[in-house]
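Down below is the structure, laid out as structure tokens.
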Amino acid sequence: AKATGHEVGLSDANIHSQLLPEDKLHFVGSLKSSGQKKSRVMCGSKELVLVCGDGVNDAPALAVSDVGVAMGEGAALAMEMSDVTLMDSNLTKLLYSIKMGSRVIRTIRENIIFSLIAKLLVVGLTFAGKMTLLLAIAADVGVMLIVTLNGMKLLPGRRAKLKFDRVKTARKSKYDEIPIQGVSNRLPEVV
């Protein structure tokens, strides 16, 4: 447990292992009542407790926590009680999911704020007598397109594809270019 905890950046004081199911349940309950860390959600801050487990003995703690994460190769009861199930035991996917979730929340906030400012500007111009129906429709479609394009920044980009292509081409062996005696590099002719 300590090796895995150090791998994801936890200190020894924050790593608790060898707990019975009822001990895990009480520990999660005490974390929720003490409210050690605040996490920003859509409107304000809320105290959240995330529990990651893979066995039957983790199911009560997964059910009580704010966010329960089950490992895909674990027990079926743990997967049933969790909010999120990772398809394998790779903890980097958990970190990726948390980071992606915060990016999604940030993008949603950006889109809402931009839309409200644009709508208030259109309403203000309408009351001032400077806005026509055609301009209001164009502004609405423009805001919709900008919000959609802003949301598309969350999609996996071209950089990930290029990185994969570099890895794929880098796996060529130095022996790929050496001709083997008695074997022709030409394709056989088909009659």
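Being a predicted model, the structure only gives us computed values, none of them experimental.
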Taking side chain as C-beta onward, heavy atoms only, is Val143 less than 4.5 Å from Ser115? yes
Any non-hydrogen side-chain atom of Thr107 less than 4.5 Å from a side-chain atom of Asn150? yes
Is there a side-chain contact between Ser65 and Leu50 (heavy atoms, below 4.5 Å)? no
Name the residue from Thr148, Val141, Val147 that meets the side-chain contact (heavy atoms from CB on, under 4.5 Å) definition with Leu145. Val141
Given the rule that I, L, V, M, F, W and Y join up when any side-chain heavy atoms are under 4.5 Å apart, are Tyr96 and Val104 in one cluster? yes
Under 4.5 Å between any side-chain heavy atoms of Val51 and Asp58, yes or no? no
For the atom pair CG (Leu120) and CG (Leu125), what is the distance rounded to the nearest 0.5 Å? 11.0 Å
Give the intermediate values and the outcome of side chain to side chain contact (heavy atoms under 4.5 Å, CB included) for residues Val122 and Thr126. CA-CA 6 Å; Val122 169; Thr126 301; 4.1 Å; yes
What I'd like to find out is whether the side chain of Lys24 reaches to under 4.5 Å of the side chain of Asn57, using heavy atoms alone. yes
Rounded to the nearest 0.5 Å, what separates atom CG in Leu94 from atom NZ in Lys99? 11.0 Å
Chi angles and distances behind the side chain to side chain contact (heavy atoms under 4.5 Å, CB included) call for Met71, Cys52: CA-CA 7 Å; Met71 306 307 263; Cys52 184; 3.6 Å; yes
Is any side-chain heavy atom of Lys119 less than 4.5 Å from a side-chain heavy atom of Asp140? yes
Identify the two heavy atoms, one from Ser82 and one from Gly68, that lie closest to each other, and give their separation to 0.1 Å. CB-O, 3.4 Å
Examine Met144 and Val123 and state if one hydrophobic cluster contains both, with Ile, Leu, Val, Met, Phe, Trp and Tyr joined whenever side-chain heavy atoms are less than 4.5 Å apart. no
Tell me the closest heavy-atom pair linking Met100 and Leu154, and the distance in Å. CE-O, 3.7 Å
Rounding to 0.5 Å, atoms CD1 (Ile117) and CD1 (Ile112) come to a distance of 12.0 Å
Side-chain heavy atoms of Arg109 within contact of Ile105, under 4.5 Å: yes
I need the Arg106 CZ to Asn111 CG distance, nearest 0.5 Å. 11.5 Å
Report yes if some heavy atom in the side chain of His6 is under 4.5 Å from a heavy atom in the side chain of Asp12; otherwise report no. yes
Nearest 0.5 Å please: distance from the NZ atom of Lys2 over to the OG atom of Ser11. 10.0 Å
Please report the closest heavy-atom contact between Met81 and Ala63, naming both atoms and the distance. CE-CB, 3.3 Å
What are the two closest non-hydrogen atoms of Ala70 and Ala78, and how far apart are they? CB-O, 3.5 Å
Kindly give the heavy-atom pair with the smallest separation between Lys32 and Val64, and that separation in Å. NZ-O, 3.0 Å
Show the nearest heavy-atom pair for residues Leu48 and Asp66, with the distance to one decimal. CA-OD2, 3.1 Å
Does NZ in Lys153 sit with more than 12 non-hydrogen atoms of other residues, nucleotides or ligands closer than 6.0 Å? yes
Flag if over 12 foreign heavy atoms under 6.0 Å of CD, Glu22: yes
CG-CE distance between Leu62 and Met79, expressed to the nearest 0.5 angstrom: 11.5 Å
